[in-house]
Number of protein chains: 2
Amino acid sequence: MVRADSVRNRCKILDATRRLLSTRGNQVGMDEIASHAGVAVGTLYRHFPTKADLIDATVAELSQDLVTRLAAAADRVAAGADPIAELGVLLREFTEMAANDRAVKAAATGLAAESLRQLEERGLAQLQRIIDAARARGLLHPDITTADLALLVATAPSDTVPAVARERWLQLALRSLTP
Amino acid sequence: MVRADSVRNRCKILDATRRLLSTRGNQVGMDEIASHAGVAVGTLYRHFPTKADLIDATVAELSQDLVTRLAAAADRVAAGADPIAELGVLLREFTEMAANDRAVKAAATGLAAESLRQLEERGLAQLQRIIDAARARGLLHPDITTADLALLVATAPSDTVPAVARERWLQLALRSLTP
DNA sequence: ACCTGAACACCGTTCAAGT
DNA sequence: ACCTGAACACCGTTCAAGT
């Protein structure tokens, strides 16, 4: 039997973590997160065995956002939108998400492999739909796969790189996708 | 007046740091580095005010390696070698360097901006020579600059990415350079 | 001038006591 | 079952004493 306050606490912890992580980065202490969430440290550790786990969970929540957008983009493509343009929007959204959320990406770097694998699993089908559409119209280099896009996402520049350079990176990335 | 044992100590510290950093990554303690270098912790902090500074100095030493290779590649290009092939070798060498030296790149991520700026300053001329040669032969997309190559280097996949994916990344990166 | 190493501070993590 | 928060452990950093 799960206690009601337990699930409430878990939610409060994740909220506080996302909030603190996005503003001040990875240097927030566990005590601070706990107090902002209105729980004791022990409770925090009961829900997440380690700080890495806590951050992992937070990043996973954020990546869910991306999957939602992936699905929306796939729908637009199915409705006739330009697949390459949609891919550009997706890549931009991700880099901006990583950039706005300060050290979320920096924090995620260490566990990127795991988070991206999850993202890939759940967003794979959507991404494949976009790729198929693009290839069918001859807009995509024939050997491009979903793994390639995951690779690009994994190597997307973080917020340490200035915005202009991030935009330029996007341009180069798209260039490597087109035939 | 600089004491002889001081410069010797500095050297011993940098050697030990590079050795320990490449095998075990960023989690080596300062005490451990000190004992491996045969000095006391205080000495370590006299030479490098903070751990980040120590790692920065070590990474800077390693990047000097890359500048040397850059110069060699520029010479080969001047002697008639294929500029694109040389660029490929350079990018591969860098990613491999980052991959072999375990957390050197991971450790450097935070201070990448600074290290890369140094690298850029000192290697810029060499890189420009390669770019000019490639463009003159029509092998390079006309808008590619040294900044673009620095951007690619900065976003090169680290050792968390498997070797096959790293090779694939290289292929995609080169694709974005060619016309 | 520089080196030494015990001591400090900070922060992730644990655990005995409470409800 | 879960929460609490004082206590522990670890590691980056400092500083008084030594040469």
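Here is the naming used below: chain letters follow the sequence lines, and residue numbers restart at 1 for every chain. Treat the numbers as computed from the prediction; the structure is a model and nothing was measured. Every heavy atom of this structure was used, including side-chain atoms; hydrogens, water molecules and symmetry mates were not.
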| said: Give me the atom names and distance for the closest heavy-atom approach of A/P83 to A/R137. | reply: CD-NH1, 3.6 Å
| message | Using a heavy-atom cut-off of 4.0 Å across all strands, would you classify B/T43 as base, sugar-phosphate, or nothing? | response | base
| task | Find the distance A/Y45:OH to C/dT14:C1' and express it as a whole number of Å. | result | 9 Å
| Options C/dG12, D/dC2, D/dG5, nucleotide nearest the side-chain atoms of A/D31 | C/dG12
| query | Would you say the side chain of A/L152 lies within less than 4.5 Å of the side chain of A/L177, judging by non-hydrogen atoms? | reply | yes
| Can you check the A/Q27 CD to C/dA9 P distance for me, whole Å? | 20 Å
| Which nucleotide in C/dC3, C/dG5, C/dG12 has an atom nearest any side-chain atom of A/M30 | C/dG12
| B/V39 has a side chain; which of C/dC2, C/dT14, C/dT4 sits nearest to it? | C/dT4
| query | Looking for any heavy atom pair under 4.0 Å, which part of the strands does B/G42 touch: base, sugar-phosphate only, or nothing? | reply | base
| With both distances kept under 3.5 Å, what pairs with D/dC11, Watson-Crick or G-U wobble? | none
| Which nucleotide in the list D/dT13, C/dG12, D/dC2 gets nearest to the side chain of A/R46? | D/dC2
| message | Under 4.0 Å from OP1 or OP2 of C/dT13: is there any side-chain N or O of A/T50 that close? | response | yes
| query | Considering only heavy atoms from C-beta outward, does the side chain of B/T17 approach that of B/V28 to under 4.5 Å? | reply | no
| task | Could you check how far CZ of B/R8 sits from P of C/dC2, rounded to whole Å? | result | 13 Å
| task | Kindly say whether B/T58 contributes a backbone atom to a donor-acceptor pair with the side chain of B/R18 at under 3.5 angstrom? | result | no
| note | Side-chain contact check for A/V41: nearest option of C/dG5, D/dC3, C/dT14 is C/dT14
| message | Check the phosphate of D/dC2 against A/H47, side-chain N and O only, distance under 4.0 Å to OP1 or OP2. Yes or no? | response | no
| request: Searching all strands shown, indicate the nucleotide that pairs with C/dT4 (Watson-Crick or G-U wobble; both distances under 3.5 Å). | output: D/dA16
| Would one find a side-chain N or O of A/N9 under 4.0 angstrom from OP1 or OP2 of D/dC3? | yes
| task | Side chain of B/K51 only, please: which of C/dT14, D/dT13, C/dG5 is the nearest? | result | D/dT13
